[in-house]
Amino acid sequence: MAVEITAENFAAETANGLTLVDFWADWCGPCHMFEPVFEELEEDFDGQVSFASLDVEDQQDLAVQFNVMSIPTLILFKDGVAREKITGYKPKAALSQYLAKKVAENK
């Protein structure tokens, strides 16, 4: 299950390896559509990529810090550094291919 990101645990949760953070909000329809995809990706990439979620309503400062202007937004962190941003709903196949490439590059 994806770790819930807060200002307090953000640095620790993104510090090592690849971490995909889902920036979302409860009122966001596409975010709810994406939730099962995110859970399936988490299962598929278990042990290769860490998964975390960040509620932009509760963690507005972090959303601003990473310039999240629309949701859902995914940000891929490598060893604590934001590397790439994906905005909007994407199908599982596209994200799976993307993550597989990033895992291969990280070896």
Side-chain angles (χ1 to χ4, degrees):
M1 182 169 184
V3 173
E4 185 175 331
I5 294 289
T6 65
E8 292 76 28
N9 72 356
F10 175 80
E13 295 297 337
T14 61
N16 298 311
L18 296 175
T19 305
L20 189 65
V21 179
D22 176 23
F23 289 74
W24 68 282
D26 192 47
W27 49 262
C28 169
C31 296
H32 287 288
M33 287 174 33
F34 180 66
E35 190 174 347
V37 172
F38 195 69
E39 290 172 359
E40 289 176 26
L41 289 169
E42 185 175 10
E43 287 179 24
D44 294 349
F45 288 91
D46 185 37
Q48 302 171 73
V49 178
S50 297
F51 289 78
S53 65
L54 185 147
D55 184 336
V56 297
E57 291 292 317
D58 293 339
Q59 304 298 322
Q60 292 180 9
D61 290 344
L62 286 172
V64 169
Q65 178 181 341
F66 292 102
N67 203 27
V68 173
M69 303 302 256
S70 61
I71 53 175
T73 290
L74 301 174
I75 299 181
L76 182 66
F77 290 83
K78 181 177 178 188
D79 299 327
V81 178
R83 297 292 184 174
E84 296 180 2
K85 183 187 296 187
I86 301 170
T87 303
Y89 176 87
K90 302 287 186 267
K92 180 185 176 191
L95 288 171
S96 185
Q97 184 177 22
Y98 168 78
L99 287 174
K101 179 181 175 190
K102 296 304 166 185
V103 166
E105 291 173 359
N106 196 46
K107 287 187 178 179

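Along the sequence shown, residues are numbered consecutively beginning with 1. Values in this document were obtained by computation on a predicted structure and should not be read as measured data.
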Requested in this report: Scan residues 6-22 for pairs that pass side chain to side chain donor-acceptor pair (under 3.5 Å), counting only residues two or more places apart or in two chains.
Outcome: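 Residue pairs passing side chain to side chain donor-acceptor pair (under 3.5 Å), neighbours aside: Thr6-Glu8, Thr6-Asn9.
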Query raised in the report: How would you list all residue pairs meeting side chain to side chain donor-acceptor pair (under 3.5 Å) that involve residues 46-64, not counting sequence neighbours?
Result: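 Found Trp27-Glu57.
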Minimal non-hydrogen separation, [X] against [Y], with atom names:
X: Val103; Y: Val49; value: CG2-CG2, 3.6 Å
X: Pro30; Y: Pro72; value: CB-CD, 3.8 Å
X: Met33; Y: Pro36; value: O-CD, 3.4 Å

Out of curiosity, does [Y] fall in the hydrophobic cluster containing [X] (side-chain heavy atoms, cut-off under 4.5 Å, transitive links)?
X: Ile71; Y: Leu54; result: yes
X: Val37; Y: Leu99; result: yes
X: Ile5; Y: Val56; result: yes
X: Phe10; Y: Leu74; result: no

Would you mind writing out the side-chain donor-acceptor pairs for residues 81-92 within the sub-3.5 Å range, not counting sequence neighbours?
from	atom 1	to	atom 2	distance (Å)
Glu84	OE1	Tyr98	OH	2.6
Glu84	OE1	Lys102	NZ	3.4
Glu84	OE2	Lys102	NZ	2.8
Lys85	NZ	Phe66	O	2.9
Lys85	NZ	Asn67	O	2.9
Lys90	NZ	Thr87	O	2.9
Lys92	NZ	Glu40	OE1	3.3
Lys92	NZ	Asp44	OD2	2.9

Report task. State whether the number of non-hydrogen atoms from other residues, nucleotides or ligands found under 6.0 Å of Gln97 atom CD is greater than 12. Result ->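 Counting other residues, nucleotides and ligands, CD of Gln97 stays at 12 neighbours or fewer.
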Query - Set of ring-ring contact (aromatic ring centres under 6.0 Å, His included) partners for Phe45, sequence neighbours left out - result: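 Counting only residues at least two positions away or on another chain, Phe45 forms no ring-ring contact (aromatic ring centres under 6.0 Å, His included).
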Query raised in the report: Residues in ring-ring contact (aromatic ring centres under 6.0 Å, His included) with Phe51, at least two apart?
Result: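 Counting only residues at least two positions away or on another chain, Phe51 forms a ring-ring contact (aromatic ring centres under 6.0 Å, His included) with Phe38.
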Query raised in the report: How would you list, by chain and number, every residue that makes a side chain to side chain contact (heavy atoms under 4.5 Å, CB included) with Gln65, sequence neighbours excluded?
Result: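 If we apply the side chain to side chain contact (heavy atoms under 4.5 Å, CB included) test to Gln65, skipping adjacent residues, the hits are Leu62.
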Query raised in the report: Side chains of Leu95 and Leu20: closer than 4.5 Å at any heavy-atom pair?
Result: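 Of all side-chain heavy-atom pairs linking Leu20 with Leu95, none is under 4.5 Å.
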